[in-house]
Amino acid sequence: MTSLNDAQQRAVETTTGPVLIIAGAGSGKTRVITHRILHLIKQGTQPSSILAITFTNKAAKEMRERVHTLLAEDKGLNLPISGVERPFVSTFHALGVHIIRENARLLDLTRHFTIFDRSDSRRAIKESMVQCSIDPKKFDASVILNMISRAKGDAIDRLTYFDHAKGYTEEVVAQIWEKYEAILRKEKALDFDDLLGKTAELLSKYPDVKKHYADVWKYVHVDEYQDTNKIQYKIVKLLAESHRNLCVVGDADQNIYSWRGATIENILNFEKDYPEATVITLEKNYRSTKNILAAANNIIEKNTLRKKKTLFTDNDAGEKISLIVSYTEVDEARTIADTAKSLIEGGGNGESGNSSIGTGRSSDGSDESSSGMGKSIGVSPRNIAVLYRTNFQSRVLEESFIKKNIPYQLVGVRFFERKEVKDVLSYIRASLNRESWSDIGRIINVPTRGIGKATIAKIMGGQSESLPAGMRQKLDSFWKLLDDIKVEITTKKPSEAVRFVLLESGLENSLRSGDTDDEERLLNIHELVSVATQYDHLTPEEGIESLLSNAALASDQDDLVKDEDAVKLMTVHAAKGLEFDHVFIAGMEQDLFPFKRMDEGEMSLSQEEEERRLFYVAITRARKKVYLSYTILRTIFGTQRISNPSEFIEDIEKDLIDEHKPAKPSGAKALFIDF
């Protein structure tokens, strides 16, 4: 885009009062938000009085960079933009960390409170179950944690949950929650959900706190508003209550996170909450071809819980959607890998024998696989994605990509969740918060110092003096190490402080003398030093705080390295907000996509519509070409089952689809189906 279209321009220039921008997929919503911020500043608004909230670190970073670029390049701006005089662009959770740190004393916390990640929380839940004498074989810690997390996201506190507990399971959860909360208090820690819950508590319980932030941020922007849950809705409402200059951007058709508390009602009811709201719809798509958008419109128009809109584009018609039919998931994975390889190598067909599969065409209809001189031009692997509904589908896809020697990246294995990386971060967190026993317990004997579990239990129980002199000497050395680390991280650049931890803790030396796996772990902790350099421009304390916060709040997408030229394998949920030239959607079978759980009866209307929205999101990730794939047989839980094509395929107009019949199944002489 070289300029704003009429709807975008109106969205940019409507700056007073509540505004709802319904932004279809690929309609340039980030461009609208960033230009709106620029417009506000050019109209005389102080940059620091503008707040923009989104959901992932990746999205916040992109928005921040684009805002700063616009401010730096605009020649009509006659105002210095310093490091302080900038809009506050943040994720919801990072905003919570910021507000909580500034008001930590009101919550009986230190500024350096610990943020529990999911594994920390599971450990604490298991400990709470032991304290409650609850058999861990009867109750899964992850399920308990999810129930507590969902309640917190619905703005339900522990006491309210306890008073309204229905049935034995919820009563057990209430008991465990009480012990879990006590562990968090003891360690001066908050979990992921508390970052929002405690923020809402500060804004609602302390009028001075709410007034302060309302005075600071007079213009509030919220991206992906359809993904907000009840507690996020409450935070936004409290922040914008006095000035009401609230601009929310979203698309009900892309609401796909109800399982983690996102409620579509927030965006559908915006005009009820703010009767004076201006509503602007962005329907022009700049990403996809006409054929892709026609299919997407076919799919989503069947939903009833939505704000009506129809995406359109000035792009060319492009290729039809390829429908790949395979006998089994192994054949499906092989065909997808072959087609991806053919695209990368610039060939017109894959090894599967489907001649038209694997030919990429640009949005103007020209053949990507050859230049004017007849030289083959391949598709960059980074411009190809394979999406699937559930994580179990990734295994067979990975195997095929490995066999074909195709570079790929499996999205979902997070850098900051790797053990060795967490060990380094635990040293830093423990040095700043000596009450963080989860961190101390994690690293007190890593690398090995001869401090066993019995000794750790005595330390945590306040019985250090009863330990032998030799053991007390080991502990004194450990406490001194933490003291030294604290001095280092409060006086040196974050990257220098991380290097100090690697060396002085002994982690680096212990990994140098290890096996091949240890070599990879060593590379990972060295990479953490590189990550830390991103915060070297801040003061030492601010830099370390930002590093720890971003590490705790990282999402799957934050591990996507732009320069890694590899095909991306990921769930549709993880692909939200991303785009690729060529998109494969695997497993297009009834009960797999749309997904139906085995232990459930008929799907509710809301479940059906969310599955349809998820498919809509999958299709609209593609710029040039979509490949839908399903199998005749699929093995699930060790049993091979006959599959039926997904109902979503039937919803797409037939003239938009080019179907490819299955080749002979690999490794099979005969196929026997027992009816």
Side-chain angles (χ1 to χ4, degrees), residues 24-26 251-259 264 285 288-306 308-311 318-326 329 332 335-336 357 385-393 397 570-576 580 582-597 600 602-622 625-634 636 641-662:
D251 179 9
D253 292 339
Q254 297 185 69
N255 170 266
I256 59 173
Y257 294 114
S258 68
W259 49 275
I264 198 170
N285 176 285
S288 306
T289 64
K290 284 185 173 70
N291 283 337
I292 291 171
L293 292 187
N297 287 328
N298 286 167
I299 291 297
I300 205 61
E301 66 187 9
K302 293 202 168 188
N303 273 9
T304 58
L305 299 172
R306 65 189 296 255
K308 187 174 175 59
K309 69 177 184 310
T310 302
L311 296 181
E319 284 193 86
K320 289 186 177 183
I321 292 171
S322 288
L323 179 59
I324 305 170
V325 186
S326 303
E329 67 272 16
E332 176 186 55
T335 302
I336 289 174
I357 295 180
V386 183
L387 310 183
Y388 36 84
R389 178 60 181 84
T390 59
N391 276 306
F392 82 82
Q393 294 171 256
L397 287 163
M570 66 182 91
T571 64
V572 181
H573 284 99
K576 176 79 184 301
F580 306 88
H582 300 263
V583 172
F584 295 84
I585 307 174
M588 290 299 304
E589 296 132 40
Q590 199 65 16
D591 295 341
L592 182 55
F593 202 179
F595 181 69
K596 181 182 177 183
R597 288 172 176 80
E600 292 184 355
E602 290 299 311
M603 294 172 68
S604 65
L605 175 64
S606 62
Q607 288 173 322
E608 288 178 3
E609 295 209 349
E610 179 151 346
E611 287 295 308
R612 190 173 294 277
R613 291 194 295 269
L614 191 59
F615 182 49
Y616 173 81
V617 166
I619 283 185
T620 55
R621 297 312 92 201
K625 175 78 174 177
V626 171
Y627 306 79
L628 303 180
S629 174
Y630 73 88
T631 66
I632 296 171
L633 297 170
R634 185 176 294 274
I636 299 178
R641 304 176 184 178
I642 300 172
S643 304
N644 291 314
S646 169
E647 65 187 77
F648 296 152
I649 297 172
E650 294 299 315
D651 293 336
I652 300 173
E653 294 174 15
K654 295 293 183 288
D655 61 356
L656 296 174
I657 293 178
D658 185 11
E659 183 171 353
H660 304 272
K661 297 297 183 183

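Here the structure is a predicted model, which is why all the values come from computation and not from measurement.
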Practice item. Using modelled atom types only, decide if a donor and an acceptor are shared between the side chain of Glu610 and the backbone of Gln607 within a distance under 3.5 Å. Key: no
Review point. Within the side chain of Asp658, is there an N or O that forms a donor-acceptor pair under 3.5 Å with the backbone of Ile321?
Key: no
Exercise for review: Starting from the C-alpha separation in whole Å, work towards a yes-or-no answer on side chain to side chain contact (heavy atoms under 4.5 Å, CB included) for His573 and Leu614.
Suggested key: CA-CA 8 Å; His573 284 99; Leu614 191 59; 3.6 Å; yes
Distance-minimising heavy-atom pair for [X] and [Y]:
X      : Y      : result
Tyr616 : Ala25  : OH-N, 4.4 Å
Ser326 : Thr335 : OG-OG1, 4.0 Å
Ala294 : Leu656 : CB-CD1, 3.7 Å
Leu305 : Ala252 : O-CB, 4.4 Å
Lys576 : Val617 : CD-CG1, 4.0 Å
Thr631 : Glu332 : CG2-CB, 3.7 Å

Practice item. Just do the side chain to side chain contact (heavy atoms under 4.5 Å, CB included) check on Leu628 and Ile324 with the steps written out, would you? Key: CA-CA 6 Å; Leu628 303 180; Ile324 305 170; over 6 Å; no
Calculate, to the nearest 0.5 Å, the distance between atoms [atom1] and [atom2] belonging to [X] and [Y] respectively.
X      : Y      : atom1 : atom2 : value
Asn298 : Glu650 : CG    : CD    : 12.0 Å
Ile264 : Asp251 : CD1   : CG    : 9.0 Å
Ser288 : Arg621 : OG    : CZ    : 8.0 Å
Ile256 : Thr571 : CD1   : OG1   : 8.5 Å
Leu633 : Glu329 : CG    : CD    : 8.5 Å
Ile649 : Ile657 : CD1   : CD1   : 7.0 Å

With a 4.5 Å limit on heavy-atom distance, are the side chains of [X] and [Y] in contact?
X      : Y      : value
Ile619 : Ile292 : yes
Glu609 : Arg306 : no
Tyr388 : Val572 : no
His660 : Leu323 : no
Leu311 : Asn297 : yes

Point to revise | Partners meeting ring-ring contact (aromatic ring centres under 6.0 Å, His included) with Phe615 (sequence neighbours left out) | key: Phe593, Phe648
Point to revise | Verdict with reasoning, Gln393 to Leu592, per side chain to side chain contact (heavy atoms under 4.5 Å, CB included) | key: CA-CA 10 Å; Gln393 294 171 256; Leu592 182 55; 3.9 Å; yes
Practice item. Check step by step if salt bridge (Lys or Arg N to Asp or Glu O under 4.0 Å) holds for Arg612 and Asp651. Key: CA-CA 10 Å; Arg612 190 173 294 277; Asp651 293 336; 2.6 Å; yes
Review point. Side chains of Glu589 and Ser646: do they bring a donor and an acceptor to under 3.5 Å?
Key: no
Practice item. Go through the side-chain N and O atoms of Gln590 and Ser643 and say whether any donor and acceptor fall under 3.5 Å apart. Key: no
Exercise for review: List the steps and the verdict of salt bridge (Lys or Arg N to Asp or Glu O under 4.0 Å) for Glu608 and Arg613.
Suggested key: CA-CA 9 Å; Glu608 288 178 3; Arg613 291 194 295 269; over 6 Å; no
Practice item. On the 0 to 90° scale, with breaks at 30° and 60°, tag the Tyr627-Phe584 ring pair as parallel, tilted or perpendicular. Key: parallel
Point to revise | Leu387/Met570 under side chain to side chain contact (heavy atoms under 4.5 Å, CB included): CA gap, chis, key distance, verdict | key: CA-CA 5 Å; Leu387 310 183; Met570 66 182 91; 3.6 Å; yes
Point to revise | Ion pair Glu611/Arg389, N-O distance below 4.0 Å | key: yes
Check your understanding: Which of these passes salt bridge (Lys or Arg N to Asp or Glu O under 4.0 Å) with Asp253: Lys308, Lys309, Lys302?
Key -> Lys309
